[in-house]
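Quick notes on the structure that follows.
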Amino acid sequence: MSQLLRKPNRSELSPGVTIVHEVTTENSPLKYIGFKVVDLASGARYSEELSKIECCIVVLTGRINFTDKEVAFENIGTRDSVFEQIPTDSVYVSNNRYFEVEAVSQARVVLCYSPSEKQLPTRLIKATDNMIENRGKFNNKRLVHNILPDSDPSANRLLVVEVYTNSGNWSSYPPHKHDRDNLPEESFLEETYYHEMNPRQGFVFQRVYTDDRALDETMTVENSDVVLVPAGYHPVGVPDGYTSYYLNVMAGPTRIWKFHNDPDHEWILKR
Ligand SMILES: O=C[C@H](O)[C@@H](O)[C@H](O)CC(=O)O
């Protein structure tokens with residue numbers, strides 16, 4: 001199995017708190033992104049003391065209360081399934097802060113981390129703050145909820161977005177990459193994909209490859225899998241009959257999303 005594909009690996013942290021995924025700079029090829037998927041039973045609490053890392057808490061499903069001991073956000077979250085295809089609430093927490101979440105209902109939260117040394121205010125990123133985009137045409141259409149885009153100065157490094165791709169369509173396509181620190185041409189951003197499928201037995205194909213094919217992995221990705229993108233192009237194809245969801249985290253030396261399309265496939269944009 002590809003080293004870039006991570007299957008769910010559930011481990012109970014404490015009663016009612018289950019870690020489903022934990023990607024760190026120690027157990028992955030990533031240097032700018034950490035990532036946790038946490039399942040919380042109703043009433044369960046999860047807390048963390050951040051060192052020199054910032055965190056975006058995405059309330060993937062269910063509802064939670066949040067506090068960093070200075071501000072509190074109650075009953076946040078908007079959906080019981082990501083396939084309601086409505087934006088959700090998130091919270092940005094800066095480095096060197098403590099935070100605690102308490103599940104108001106059964107919930108799944110995604111904790112997205114990146115190195116940070118300049119403390120910024122804790123911020124509720126409301127669902128209504130998400131900029132929504134309908135991207136693409138023909139069989140390249142997808143719906144994008146921008147949670148923490150590079151136009152939002154709330155974070156030092158993190159970029160967070162969620163993408164829906166309907167039956168028989170492609171996304172992250174034409175293939176693009178952002179693996180060179182070469183602005184204004186291209187920025188260097190590592191990336192993670194957290195995937196869900198509807199119906200849940202579905203799968204998508206994701207390829208991660210570089211121009212020289214030194215890296216060229218094509219993966220069958222299933223519900224709740226994570227794909228790591230340290231470099232390279234990273235298109236996703238969705239079989240007929242299924243809807244794909246993925247949450248992207250991106251981070252790198254500069255918080256700008258400037259990608260470069262694979263020249264072999266850029267022609268499709270001119271149709
Ligand atoms: O680089 C960003 C990620 O590949 C996705 O968020 C991609 O941009 C989604 C899309 O445009 O299809």
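All residue numbers refer to positions in the sequence shown, counting from 1. Because the structure is predicted, anything quoted here is derived from the model rather than measured. These numbers come from the heavy atoms of this one structure, side chains and all, not from hydrogens, waters or symmetry mates. Atoms within each ligand, like the ligands themselves, are counted from 1 in listed order.
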With no hydrogens and no angle check, do the side chains of His145 and Glu133 hold a donor and an acceptor under 3.5 Å apart?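 Checked: His145/Glu133 side chains show no N/O donor-acceptor pair below 3.5 Å.
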
Quick test: of every protein heavy atom, which one is nearest to [atom], and how far off is it to 0.1 Å?
atom                    : answer
atom 3 (C) of ligand 1  : Glu191 OE2, 2.9 Å
atom 5 (C) of ligand 1  : Asn248 OD1, 3.0 Å
atom 11 (O) of ligand 1 : Arg135 NH1, 2.7 Å
atom 7 (C) of ligand 1  : Ser172 OG, 3.5 Å
atom 10 (C) of ligand 1 : Arg142 NE, 3.3 Å

Hey, is ligand 1 close enough to Ser171 that some N/O pair sits below 3.5 Å?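 In this structure, Ser171 places no N or O atom under 3.5 Å from an N or O of ligand 1.
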
By number and element, which atoms of ligand 1 are closer than 4.0 Å to a non-hydrogen atom of [X]?
X      : answer
Val161 : 6 (O)
His178 : 1 (O)
His234 : 1 (O), 4 (O)
Met250 : 1 (O), 2 (C)

Test item, Tyr246 contacting ligand 1 (heavy atom, 4.0 angstrom):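 It does; at least one heavy atom falls under 4.0 Å.
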
I need the contact type for Trp257 against ligand 1. Using non-hydrogen atoms and a strict under-4.0 Å cut-off, is it side chain, backbone, both or neither?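 Contact part for Trp257 vs ligand 1: side chain (C-beta onward).
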
Between Trp170 and ligand 1, find which residue part has any heavy-atom pair under 4.0 Å and reply side chain, backbone, both or neither.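 Neither; nothing of Trp170 gets under 4.0 Å from ligand 1.
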
Before accepting this row, confirm whether a basic side-chain N of the pair [X]/[Y] lies closer than 4.0 Å to the acidic partner's carboxylate O.
X      : Y      : answer
Asp89  : Lys126 : no
Lys258 : Glu186 : no
Asp80  : Arg63  : yes
Lys7   : Glu222 : yes

Do Leu40 and Arg108 have side chains that approach each other closer than 4.5 Å (heavy atoms only, starting at C-beta)?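 No - every pair of side-chain heavy atoms lies 4.5 Å or more apart.
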
Closest heavy-atom pair and its distance - Ser114, Leu158: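 Minimum heavy-atom separation between Ser114 and Leu158: CB-CD2, 3.7 Å.
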
According to the interplanar angle, ranging from 0 to 90°, do the rings of Phe35 and Tyr194 count as parallel (below 30°), tilted (30 to 60°) or perpendicular (above 60°)?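 The rings of Phe35 and Tyr194 sit tilted, inter-plane angle from 30° to 60°.
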
Do His178 and His234 have ring centroids that are under 6.0 Å from one another?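 Here the rings of His178 and His234 have centres that are less than 6.0 Å from each other.
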
